[in-house]
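Encoded as structure tokens, the structure appears first; notes follow it.
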Amino acid sequence: MAPLANDHRPRRIVVVGGGAAGLELATRLGDSLGRRGLADVALVERSRTHLWKPLLHSVAAGSMDPSEHQLNYLAQAHWHHFRYHFGEMIGLDRTAKMVKLGATHDVEGREIAAPRAIPYDTLVIAVGSVTNDFGTPGAAEFAVPLETAEQAVRFHHRLVNAGLRAQAQGAPIRAGQLHVAIIGAGATGAELAAELHQSLREMVAYGLDQVDPDRDIRIILIEGASRILPALPERISTATFKILTRMGVEVRTNARVAEVRADGIALAGGEFIPAELAVWAAGVKGPDALAHLDGLEVNRVGQLVTDATLKTTRDEAIFAIGDCAAVPRAGSEAPVPPRAQAAHQEASHLARQVKRLLQGLPLEPFVYRDFGSLVSFGRMGAVGNLMNLAVGGNVFIEGVLARWAYRSLYKMHERALHGVTKTALDTVARGLSRRAEPRVKLH
Ligand SMILES: Cc1cc2nc3c(=O)[nH]c(=O)nc-3n(C[C@H](O)[C@H](O)[C@H](O)COP(=O)(O)OP(=O)(O)OC[C@H]3O[C@@H](n4cnc5c(N)ncnc54)[C@H](O)[C@@H]3O)c2cc1C
């Protein structure tokens, strides 16, 4: 493929979805190709700001202020030489090579932009995944998923309001009133349970003297499999179970949720767990829009199927990366897992491949390298395993080393977006401002 399109204009590369994968890719391509006018790079994103998704459980628990970590797409696009289109992809015309965007509106319902279409020569779809509640009755109504910053903030508001209500009501606190049920004990659920345990106690310490944390607050982690963190090695699962139960988190395994109600969770066996606050953190699937993209192939869980070069199976001009892509993994039946490190590696790989594409060179296959899995418990530390180290194999780590390794994944994302200097300055600035503020967000 030549650097210029047939009409001698720079090739139009459109990335849809500015998350862990898409924003890193658009930034890299903008810095390398957009800056020199070698390509016209554009990002289509339905939000105005970006927050790295693995931070959402800390936002939900109130242990992190999202505004300290949010990035503005318009500014990022300006600084890194790509164009930002605010809008949601609702369809695709593969023959005309157009991405269809829906209308955008402000909070008062006034239209910001009418429905429109963006032309592309090369399209990269990176729209992430959504929580899969498997159609469980009441889940959509009463349990908050953690897919977006808005949802994490909404849950945090529910939490603070529950505390304020309990303080003001005069009557004794009901069973379940300050109980939080977390459905799904993957890394997100386990990390949220640990952070909530701490932040709720800290919130109460700021003068909610009608609440007795040991009597009134309960965190229940509900998992359908026989152990928590079923996708991670058993040693991490066992260590996490010990830490959570030592904290006082109630862990329920082999527990299938039949219904979520306003006042609690009904299990398939008939048991009812009182809990007026619920988070759905189980299962991921591709967003529904992917099934209607002009015939692109999707798998059983709605992800776009790609070949080893990250190209979708039915269109030479369309790639998919991140959680929305089912990328084949050598030696495994299952595709590359939906994780931040996979999104980062795929974005880096595709940035190199797009340049090869423009030079007319053949595409190289993507090889996923699993560097291990880490689970953080906020200030209570972290556990995990690191793989592919020089010593070979798989090393179990915990404490300070695990916490440092956990943080380094986010630093890698920040470096890809801002470079080394700004990342270092931001880290220092956040460290200083945190010393002057409550450790838990109280509003
Ligand atoms: C609470 C939580 C904790 C996690 N913790 C970890 C962890 O510790 N380690 C780890 O490896 N992984 C973790 N993950 C998984 C990790 O966040 C994802 O694998 C990663 O964010 C995937 O990147 P992505 O770019 O594919 O999707 P995302 O980061 O979700 O980005 C998708 C982007 O696309 C946009 N978008 C969606 N649909 C459209 C549309 N139709 N049109 C335009 N824009 C659209 C969205 O607004 C979003 O900005 C966690 C996930 C969650 C939810």
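Atoms within a ligand are numbered from 1 in the order they appear, just like the ligands themselves. For this chain, numbers begin at 1 and follow the sequence in order. None of these values were measured; they are calculated from a predicted model. All values below come from the heavy atoms of this structure, side chains included, with hydrogens, waters and symmetry mates left out.
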Seminar exercise, completed: If we number the atoms of ligand 1 from 1 as shown, the ones under 4.0 Å from a heavy atom of Q341 are 11 (O)
Problem set entry | Check: A20 N/O within less than 3.5 Å of ligand 1 N/O | yes
For this session: Determine, using heavy atoms of P287 and all atoms of ligand 1, whether some pair is separated by less than 4.0 Å.
Result: no
For this session: Among all protein heavy atoms, pick the one closest to atom 34 (O) of ligand 1 and tell me residue, atom and distance.
Result: G17 CA, 3.3 Å
Exercise. Can you tell me how far CZ of R28 sits from CG of L33, rounded to the nearest 0.5 angstrom?
Worked result: 12.5 Å
For this session: Determine whether any heavy atom of P338 lies closer than 4.0 Å to an atom of ligand 1.
Result: yes
Problem set entry | Enclosure of R83 CZ (heavy-atom neighbours >12, cutoff 6.0 Å) | no
Exercise. Taking atom types as modelled and ignoring hydrogens, do the side chains of T131 and E147 form a donor-acceptor contact shorter than 3.5 angstrom?
Worked result: yes
For this session: Could you find the nearest protein heavy atom to atom 42 (N) of ligand 1 and give me its residue, atom name and distance?
Result: M89 N, 2.9 Å
For this session: List every atom of ligand 1 that sits less than 4.0 Å from any heavy atom of A126, numbering the atoms from 1 in the order shown and giving each element.
Result: 32 (C), 33 (C), 34 (O)
Problem set entry | Flag for H344-E24: side-chain donor and acceptor within less than 3.5 Å | yes
For this session: Using a strict cut-off of 4.0 Å, indicate which atoms of ligand 1 neighbour a heavy atom of G322.
Result: 26 (O)
Problem set entry | Top protein contact for atom 13 (C) of ligand 1, by heavy-atom distance | P54 CG, 3.7 Å
Exercise. Looking at ligand 1, does Y406 have a heavy atom less than 4.0 Å from it?
Worked result: yes
For this session: Might you work through the ring pair (Phe, Tyr, Trp, His ring centres under 6.0 Å) test for H69 and Y410, ending with a clear yes or no?
Result: CA-CA 11 Å; H69 295 261; Y410 181 42; 5.7 Å; yes
For this session: Give a yes or no on whether E111 atom CD has more than 12 heavy-atom contacts from other residues, nucleotides or ligands under 6.0 Å away.
Result: yes
Seminar exercise, completed: Heavy atoms of L244 and A193 approach each other most closely as CD2-CB, 4.4 Å
Problem set entry | Protein heavy atom at shortest distance from atom 11 (O) of ligand 1 | A340 N, 2.9 Å
For this session: Give a yes/no on ligand 1: does A342 have at least one heavy atom closer than 4.0 angstrom to it?
Result: no
Exercise. Considering only heavy atoms of R339, which atoms of ligand 1 have at least one such atom less than 4.0 Å away?
Worked result: 11 (O), 12 (N), 19 (O)
Exercise. Considering residues, nucleotides and ligands other than H105, do more than 12 of their heavy atoms fall under 6.0 Å from its NE2?
Worked result: yes
Exercise. So which protein heavy atom does atom 28 (P) of ligand 1 come closest to, and at what separation?
Worked result: G19 CA, 4.0 Å
Exercise. Taking atom types as modelled and ignoring hydrogens, do the side chains of E297 and T313 form a donor-acceptor contact shorter than 3.5 angstrom?
Worked result: yes
For this session: Using only heavy-atom distances, determine whether the side chains of K53 and T148 contain a donor-acceptor pair under 3.5 Å.
Result: no
For this session: Using the six-membered ring wherever Trp is involved, compare the ring planes of W52 and H413 and label them parallel, tilted or perpendicular (cut-offs 30° and 60°).
Result: parallel
For this session: Could you check atom 25 (O) of ligand 1 against the protein and tell me its nearest heavy-atom contact, residue, atom and distance included?
Result: A21 N, 2.8 Å
Seminar exercise, completed: min-distance protein heavy atom vs atom 1 (C) of ligand 1 -> T188 CG2, 3.2 Å
Exercise. Under 6.0 Å from the CG atom of D288, do we count more than 12 heavy atoms belonging to anything else shown?
Worked result: no
Exercise. Which atoms from ligand 1 have a heavy atom of S47 less than 4.0 Å away?
Worked result: 47 (O)
For this session: Using heavy-atom distances, let me know which of L409, V279, D323 sits nearest atom 19 (O) of ligand 1.
Result: D323
Exercise. What do you reckon, does A187 put a non-hydrogen atom under 4.0 Å from ligand 1?
Worked result: no
Exercise. Rounded to the nearest 0.5 Å, what separation is found between the CH2 atom of W280 and the CD1 atom of I182?
Worked result: 13.0 Å
Seminar exercise, completed: ligand 1 to G87, heavy atom cutoff 4.0 Å, flagged ligand atoms 43 (C)
For this session: For S373 and R339, test the side chains for any donor-to-acceptor distance below 3.5 angstrom and give the result as yes or no.
Result: yes
Seminar exercise, completed: CD of E45 to CG of L101, rounded to nearest 0.5 Å, is 11.5 Å
For this session: Check each heavy atom of V127 against ligand 1 and say whether those closer than 4.0 Å belong to the side chain, the backbone, both or neither.
Result: both
For this session: Compute the shortest N/O to N/O distance between R46 and ligand 1 and return yes if it is under 3.5 Å, no if not.
Result: yes
Seminar exercise, completed: among protein heavy atoms, the one nearest atom 48 (C) of ligand 1 is E45 OE1, 3.6 Å
Problem set entry | ligand 1 contacted by Y73 (non-hydrogen, < 4.0 Å) | yes
Seminar exercise, completed: Note: ligand 1 atoms sitting under 4.0 Å from heavy atoms of A343 are 23 (O)
Seminar exercise, completed: Here the atoms of ligand 1 under 4.0 Å from any heavy atom belonging to L146 are 53 (C)
